[in-house]
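Structure first, then comments.
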Amino acid sequence: YHKSIMQECHLPGETIDGYRINVFANVELFDELSSVNENGAEGVGLYRTEYTFLSRNELPTEEELTDEYMQMAQILGKRKVVFRSLDLGADKLARVFGTLQEPNPALGLRAIRFSMRHRDLFRRQLKAVLRASVKGNVALMFPMISGLNEIHEAKAVLREAQRELEAEGREYDPDMPVGIMVELPSTVFIADALAHEVDFFSVGTNDLIQYSLGIDRLNRHVSYLYQPLHPAVIRSIKYVVDAGHHAGIEVSVCGELASDPYCVPILLGMGVDTISITPQAIPGIKRIIRQTTMEDCKKLLKDVQEHFQVSAINHTVRESIFRQF
Ligand code: PEP
Ligand code: MG
């Protein structure tokens, strides 16, 4: 079984009735690229760039970052790599910055807020991503965007980075796609408006669940309430997919939910363009995609949307899986 699943993982993520979904990998460190290849990832949908910062005592220079990002883009070649700008703060604290004294770190100075506070460092990182953009199929996304202003502010820093590169006579791809992560309920509710400002959405379900249900994703005392198939979560993702598609942009899902065999058929039914998951989960999830039909997934989504109790939703999904597999 293991052998056949590993052989099949290099086939496309395509349903029996010919519907294709991109299956990408989430990566935290450069060294994981080998597992990206071994497990049949068609690209890197989320490169968590902050991990390079976490293990160090000093901040990396622009040259160091450029080297890392260029190598990554080059190794992946035609396959896409989505660089997420620094998602520092909360549970991810770089030694260089020390501990922030915050009563609620998850609601504090993290992700894009942290980058805007450390604007020089942010610009340095964006310059490195831009410099890598000429070496492969590179995209950029901003984490934890809560509204329109933050997109404008982040893009203003991106423009500064572009101006600096021009002044230095360095190349970059002016058409590099720029997207945002959808991880907050506020972002979900105005997704229709935000869709006109960006090239793609990537739904980060780990945080979206945390902030929608009010459940600290790291707190084991309330982990029983951390429910990926909560109807509010399903509605949120569906709303973002529809808003994105209505505006003609791609929507990807890059949280753990996308590697859950119970959730993937529902994402397929919504018409999600890309899922990005931990590399080791790719072979199993591709097998599920290749053994189902879009028709079944759409029916499942419709059935699931009629329930408001998580236990009933779980039951509906289980029934459908037993019928098909
Ligand atoms: C998420 O929040 O779902 C996500 C993919 O980002 P991270 O897990 O790095 O916060
Ligand atoms: Mg997140």
Side-chain angles (χ1 to χ4, degrees), residues 2 5-15 19-51 72 75-76 79-84 87 92 137 139 141 143 179-183 200-210 217 226-230 233-234 236-238 240-241 244 250-292 294 297 300-301 317 321 325:
H2 180 72
I5 211 169
M6 289 313 288
Q7 277 163 355
E8 272 176 36
C9 81
H10 297 285
L11 298 170
E14 189 174 306
T15 60
Y19 176 86
R20 178 91 191 256
I21 186 167
N22 302 314
V23 185
F24 285 10
N26 292 348
V27 170
E28 288 166 8
L29 291 168
F30 183 84
D31 295 345
E32 285 169 88
L33 273 188
S34 56
S35 80
V36 166
N37 291 330
E38 284 159 19
N39 289 289
E42 294 151 10
V44 171
L46 166 62
Y47 182 32
R48 292 181 162 109
T49 59
E50 61 276 4
Y51 280 81
M72 191 109 177
I75 291 172
L76 287 162
R79 287 177 295 168
K80 183 178 268 178
V81 49
V82 183
F83 290 93
R84 174 174 72 183
D87 190 15
K92 289 178 281 200
N137 186 356
M141 69 178 171
I180 58 166
M181 290 195 70
V182 180
E183 306 183 269
F200 62 93
F201 285 147
S202 192
V203 184
T205 56
N206 304 334
D207 278 314
L208 183 62
I209 296 169
Q210 156 164 279
R217 59 194 263 195
Y226 190 92
Q227 294 158 326
L229 288 177
H230 189 294
V233 175
I234 297 170
S236 295
I237 302 173
K238 172 90 170 45
V240 175
V241 173
E250 285 196 12
V251 182
S252 119
V253 175
C254 67
E256 297 308 313
L257 182 150
S259 59
D260 181 338
Y262 273 36
C263 300
V264 170
I266 296 176
L267 297 179
L268 275 168
M270 291 178 188
V272 165
D273 301 288
T274 302
I275 54 172
S276 192
I277 59 182
T278 179
Q280 290 72 22
I282 291 176
I285 291 298
K286 270 202 182 168
R287 171 162 287 195
I288 289 173
I289 295 166
R290 295 181 59 80
Q291 288 182 347
T292 189
M294 192 54 165
C297 293
L300 173 63
L301 173 64
V317 174
I321 288 177
F325 301 103

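Position 1 is the first residue of the sequence; numbering continues from there.
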Tell me if a side-chain donor or acceptor on Glu14 pairs with a main-chain N or O of Arg20 at a distance below 3.5 Å.
no
Does Leu33 reach the side chain of Val36, with side-chain heavy atoms less than 4.5 Å apart?
yes
d(Thr274 OG1, Phe200 CZ) to nearest 0.5 Å is 9.5 Å
Sub-3.5 Å donor-acceptor pair from the side chain of Gln210 to the main-chain atoms of Arg217, do we have one?
yes
Going from CG on Leu268 to CD1 on Ile21, what distance comes out if it is rounded to the nearest 0.5 angstrom?
4.5 Å
Do Leu301 and Lys238 have side-chain heavy atoms sitting under 4.5 Å apart?
yes
Please check this pair: side chain of Asp273 against backbone of Ser252, looking for a donor-acceptor N/O pair closer than 3.5 Å.
no
Quick check: closest heavy atoms across Ser34 and Asp31, and the distance to 0.1 Å?
OG-O, 3.6 Å
Value for CZ (Phe24) from CG (Leu46), rounded to nearest 0.5 Å, stands at 12.0 Å
If you take all heavy atoms of Ile234 and Met270, which pair is closest and at what distance?
O-CE, 3.5 Å
Answer whether the closest heavy-atom distance between the side chains of Val233 and Pro228 falls below 4.5 Å.
no
Could you go step by step and tell me if Thr205 and Glu183 meet the side chain to side chain contact (heavy atoms under 4.5 Å, CB included) rule?
CA-CA 6 Å; Thr205 56; Glu183 306 183 269; over 6 Å; no
Could you give the distance from SG (Cys9) to CZ (Arg290), rounded to the nearest 0.5 Å?
11.0 Å
Just how far is it from atom CD of Gln291 to atom NZ of Lys286, taken to the nearest 0.5 Å?
14.0 Å
Verify, without hydrogens or angle tests, whether Asn26 (side chain) and Ser276 (backbone) share a donor-acceptor contact under 3.5 angstrom.
yes
Is the closest side-chain heavy-atom distance between Leu257 and Leu208 below 4.5 Å?
no
Side-chain (Asp260) to main-chain (Tyr262) donor-acceptor, under 3.5 angstrom
yes
Salt bridge or not between Lys92 and Asp87? Use side-chain N to carboxylate O under 4.0 Å.
yes
Would Ile289 and Thr15 count as a side chain to side chain contact (heavy atoms under 4.5 Å, CB included) here? Give the steps.
CA-CA 5 Å; Ile289 295 166; Thr15 60; 4.2 Å; yes
So Arg79 and Asn37, do their side chains get closer than 4.5 Å, heavy atoms only?
yes
Partners meeting ring pair (Phe, Tyr, Trp, His ring centres under 6.0 Å) with Tyr47 (sequence neighbours left out):
Phe83
Do any N or O atoms from the side chain of Tyr226 and from the backbone of Asn206 form a donor-acceptor pair under 3.5 angstrom?
yes
I want to check something: taking the side chain as every heavy atom from C-beta on, are Cys254 and Met181 in contact at a cut-off of under 4.5 Å?
yes
Atom OG1 in Thr292, atom CG in Leu300: separation rounded to 0.5 Å?
8.5 Å
Between Ala281 and Ser259 the two heavy atoms that sit nearest each other are CB-CB, 3.9 Å
Below 4.0 angstrom, N of the basic side chain to O of the carboxylate: do Arg287 and Glu8 qualify?
yes
Donor-acceptor pair, distance only, cut-off 3.5 Å: does the side chain of Thr49 make one with the backbone of Arg84?
yes
